[in-house]
Amino acid sequence: MIRIMRLGQVRHAAPAAASGGDFGGRVFYAVLLAAALLVPLLNLAVPESSALHLSTYTVTLLGKYMSYALLAIAVDLVWGYCGILTLGHTAFFALGGYAMGMYMMRQIGSRGVYGDPLLPDFMVFLNWKALPWYWHGFDSFAFALPMILLAPGLLALAFGWFAFRSRVTGVYLSIITQALTYALMLAFFRNEMGFGGNNGLTDFKDLLGFDLHRDSTRVGLFLVSAGALGLGYAACRHIAASRFGRVVQAIRDAESRTRFIGYRVENYKLWLFVFSAVLAGIAGALYVPQVGIINPGEFAPINSIEVVIWVAVGGRNTLYGAVLGAVLVNFAKTWLTAALPEVWLYALGALFVVVTVFLPQGIVGFLRQRLGAGS
Amino acid sequence: MNTKYLRNRLLAGAAALGLLAASAAQAEDTIKVGVLHSLSGTMAISETTLKDTILMMIDEQNKKGGLLGKKLEAVVVDPASNWPLFAEKASELLEKDKVAVVFGCWTSVSRKSVLPVFEKDDGLLFYPVQYEGEESSRNVIYTGAAPNQQAIPAVDYLMKEIKVKRWVLEGTDYVYPRTTNKILEAYLKAKGVKPEDIMINYTPFGFSDWQSEVAKIKQFGSAGKKTAVVSTINGDANVPFYKELGNQKISAEDNPVVAYSVGEEELSGVDTKPLVGHLAAWNYFESIKTPANDAFIKQWHEFIKNPKRTTTDPMEAHYIGFNLWVKAVEKAGTTNTDKVIDALPGLETPNLTGGMAKLLPNHHITKPVYIGEIRDDGQFDVVWQTKGTVPGDAWSDYLPGSKDIEADWVTLKCGNYNTVTKKCAGQNF
Amino acid sequence: MLLVLLALCLLWMSTARADDAAPLPVDFPGLVAALPQADFAAKQAIVTRMTELHVPQARVLLAAWLDNRLESRRSDGKVFVVEEHDGTLVLVDPFDGKGAGEGAADDFERVRSNNALRKLLKVSIAQFDLKDPDPRVRAAAVRQMRRDLDEDTVTALRAALTQEKDGRAQHEIRVALAVSDLGAGDAAVRLAAVRALDGETAADVYNALKPLAQDSGTESDASMRAAAIGAVRHIEVWRNFYEALETLFFGLSLGSVLVLAAIGLAITFGVMGVINMAHGELMMLGAYTAYVMQQLMPHHVGAALLLSVPAAFLVSGLAGVAIERTVVRYLYGRPLETLLATFGLSLIMQQLVRSVFSPLNRSVATPEWMSGLWQVNDLFSLTWNRVYILVFSLVVFLLLVLILNRTPLGLKVRAVAQNRGMARAMGVRTERVDALTFGLGSGIAGVAGVALSQLTNVGPNLGQSYIVDSFMVVVFGGVGNLWGTLISGMGLGVVNKLLEPYAGAVIAKILVLVFLIMFIQRRPRGLFPQKGRAAEGT
């Protein structure tokens, strides 16, 4: 095993197939399209008795994986392409989720258990007299939708503005992103904040008039998630291949040199970071109606680390690798927590260790190496 | 070597996919019982024991010949203390494994998370932990205590027997302490306690540096009036809290602490010497001597193969819940959820402390209330108990929002019927 | 057994003539014999009667009872004062104070007490102690009695005052009598009492004076009220001063915990550049080592704890070396990837502990000398465990600084950290140094775990709750700088505790985090920036 001395000395060569021969990307699109066609068909058209029937449980599960995959892409964009290791991306994910949750909370209206037309249930039984100001407007989707984008976007803008301008880099940046999401978690846990404290927001009934408990809505949500994933992927791919993206990759490989050439490094970093945060927010907004709950646990620093691990497992700096990693790790989790409930953490932990030690470029990197060697 | 490993891994993954598809089509000769308790993550400390309790109950039922001529089969999953994962695992149990009943959850948020799933898929959940009330679902049986079965009797005891005049309500900042303290505050004020004699304080989950908080309690308690601390501190934060209490010499004789979330199992992780005399309010204590309890403890020790393991209140709740379910299935003659839910109200089963637990129309049960003093061996001496059992009240009479609400799944068929507006709000199913 | 029953029967018959509902033996041996069968009400009566009898043996018995060291033999119901050693009880006869052999703990049943009884026991023992030869014991007894003054105790105290020769004990009695005099009918007596109490700082004195100082309705005498106000003000000045001192101590104590948790990380992360997410689990291993040591030596709690410091250093240190040799060494130069691998390791270690020790928390006992309060004066006290941990953290820190600056190993560690290639060229075996450095940092984590076992849960989640804070401390102090870690840990602790009374625990923590984020923006390399492998990243 070759010992690599210094960080930054050896960089994985940017994938040869960055723009033109994006084989992995094509596979990704094909799989996504197939899923988008097959899943509704197998769930709605195939009768339940048939072996080919896809249960709504599986559809929801796949929808959840899609939103996780979108989050993973967002992380890969800043980490894989710009070298910003963010350990706080679930903060943006959760903020998007909360914005969506607040909208769905208001949609319950007087159908809550206390029948209060204005206040959500958790406010009624903790004796809130009036709706807090930041809850106003969330009864309309036209207001909630921009909020889903703005809440994470603005936080990322404010945070990135200061951080990148002060040239906070490396582990320092990682740790303060972690501090950010940790602080938000503590804040959202407080019941006085008016976001439902530890219980968060639950008991959603419908979204844009569609009953969340109907199978067709679930399939619809899956399709929207798949669509968002496809679009998100295309947008990231476009950014990565653009001039902007090339500068960003130059920053990753040699930040000072890029600055000396005359690029405003902090601006590039900032906009990439904000875009990535918005993407994470969208992922969160898609995630919440499918799992049916948003609570401050989503802000936990551990969750952010896990996202980074999905990307690493799949293979960073490829985008589709992030998707692969997110789906694979989460599938492993779903499967192992039921199949080996007592010991599944060993398997998951071992997976992380083995992948980082033996597959530094993740599964995609490994496959590429094998295919490259084979051809 | 690593490539070989990876290939094996991929193969294993593929095999797993196949298994996932195949498991749905298993033989139907058993009754499946879902167990939805965290076995990893922060809640594993509390919930693992409950998983084992249910496994023991199933084991025993199978030794008796099973149920309706079929064997019971446990389906254990690990929701890993992750609330969205609770919902996912619940629908996996109901939709994929098609379990007849689920025993599970500990925290309120996990219950809230799975509630829509159980209502949508028409499942049946037995929830074994004391909680804040303000809920009654058709698909959930609450075998833990409602606030009126734990919080209020304990305060009554302190007020009447110990002559406490000043109160500290100390809790972790989440919904159970918040609601319980709201109820207690209203109750204390109704009993003539002045606002300046009540101090309410919240700390975050897993809080570990209690120096300032305990110093504050000490100062509040040194004002010359008998002061008690009502603690709704959750799980992990308790050990450092009690250690600090012990070190700052807050003695049980002067400032008793009555805890609602500290039982034998929590105490088994603490050095109890400095805690002797502090109180806990529960519906069950391991130290209560009855033939049923002795048998249960013996059975538990044999099952878990460790004579030092304790039994706790939520375990008794699962014991009651499991027996209620068995009786309901036998009465209905089927495991069909709707029929079992209809059969459940009114059923009675002995609890472990010599009384009867009866399932009420509001899906809560009747329970005796005990106050225990901590002994130096981590057990409790019962110092007070209610005469007979207390029926669980889903909607508190001391909260303005819920005093007009009633739950009745027998005649009204509603979990939150408003007696003023005569309406049943928020029912989807 | 039959004999005892018979004896009890006789006893009962001998006292049954009294019209009292609960017939009570009249002599000390009879009272002792009645103990095992008595309920709590009867036990109270027995204690009162024993106090009245005032036999010297009763004091020993009552104190043992308060201490949970009073047991009755199952076979014959005989009561003994016991001392437990290795599951056997060393018996002492309560009547002659002589050894009465040994017995197995299972053959005995404890004579139980409850809160009301323990309170009564304390008061009773104080009555005995009033005549103790040691003046300090007498003074403490007076203090105990002062908390619960009634006519009987006041009479007893007045009598004691005439006998008392020791100045300090005399003073305590005068204070107690003055407190009692505050409620006297005679205004002059009351005024004298207030004057006598001026300068006293105890909480019960304060509580007694406070109503006199504020409530003009009950106290019409103006001079008296003025005196009371003055006395109260004196106390309050001192109270505020000591409160500030206490907050400072709380802060330093929290800081010492943070420093302990972070200091191992300052080596593995700060010096080596490994983002060691398993650091928390290495601390957990240390805490479990303390637990295992106590299980191995169940009757030497303190010694076990002391021994577990080196043991934990070894266990966690070896675990660290193993981690370095099997995983981390493949990842040098890829610090961000060490994060991922060590995160996987932390999951495995957590689950390992769950499998081996069960998911339940384990109880680590606190030795006698570490528990309780160091009562500096009436208003100021420090908890011993915190004092020890504060000192311990400083000792560990200084040792570490010495190792790094004054030993050949430290020299090599610094050399490798500063320039690996050059160090290797100079003949330093860098691989060995890497393993040892990682082992050192991990070992320190284990030592920190032993300290944490005295403060918090010993369970599988122990590491998780400290890992985020540890990283914050190291980063705030400046990666690669040990002194920075010390100052940052202590500083964050104090700031947190200063904010806590005003903002509450949660907001205080959030404010500290926000402050930290802002600070890093201002100084992107922490308090004390230093060059090191990690510091030179992108």
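Within every chain, numbering begins at 1; the chains are lettered A, B, ... in the order of the sequence lines, protein sequences first and strands thereafter. As a basis for the values below, the full set of heavy atoms in this structure was taken, side chains included, without hydrogen atoms, waters or symmetry mates.
- Sorted by first and then second residue, the ring-ring contact (aromatic ring centres under 6.0 Å, His included) pairs with a member in residues 416-436 of chain C form an empty list; sequence neighbours excluded.
- For A:F164, no part sits under 4.5 Å from any heavy atom of chain C, backbone or side chain.
- For chain A, the nearby parts of C:I520 are the backbone and the side chain; heavy atoms of each come within less than 4.5 Å.
- Residues C:S442 and C:S316 have side chains that never bring a donor and an acceptor to within less than 3.5 angstrom of each other.
- Side-chain polar atoms of C:R362 and C:N457 form no donor-acceptor pair below 3.5 angstrom.
- C:M518 does not touch chain A: none of its heavy atoms, backbone or side chain, sits under 4.5 Å away.
- Listed by sequence position, C:Q464, C:V468, C:D469, C:F471 are the residues of residues 464-471 of chain C in contact with chain A, using a 4.5 angstrom heavy-atom cutoff.
- Residue A:R190 touches chain C through its side chain alone, counting heavy-atom pairs closer than 4.5 Å.
- No side-chain donor-acceptor contact under 3.5 Å links A:Q361 and A:Q369.
- A salt bridge links C:D434 with C:R420: the closest approach of a Lys/Arg side-chain nitrogen to an acidic carboxylate oxygen falls below 4.0 angstrom.
- For A:F162, the side chain to side chain contact (heavy atoms under 4.5 Å, CB included) criterion is met by C:Q521, not counting sequence neighbours.
- With salt bridges taken as basic N to acidic carboxylate O contacts below 4.0 Å, one links A:K333 and A:E306.
- In this structure, chain A has a heavy atom under 4.5 Å from the side chain of C:R354, while its backbone stays farther away.
- Interface remark: C:L352 contributes backbone and side-chain atoms alike to the contact with chain A (heavy atom separation under 4.5 Å).
- Top candidate by heavy-atom pairs under 4.5 Å with chain C, chosen from A:G349, A:S174, A:P360, is A:G349.
- Between A:F273 and A:F92, the ring centre distance stays below 6.0 Å.
- With sequence neighbours excluded, the residues that form a side chain to side chain contact (heavy atoms under 4.5 Å, CB included) with A:A312 are A:W79, C:L340.
- When heavy atoms are compared at a cutoff of 4.5 Å, A:L87 approaches chain C solely by way of its side chain, counted from C-beta outward.
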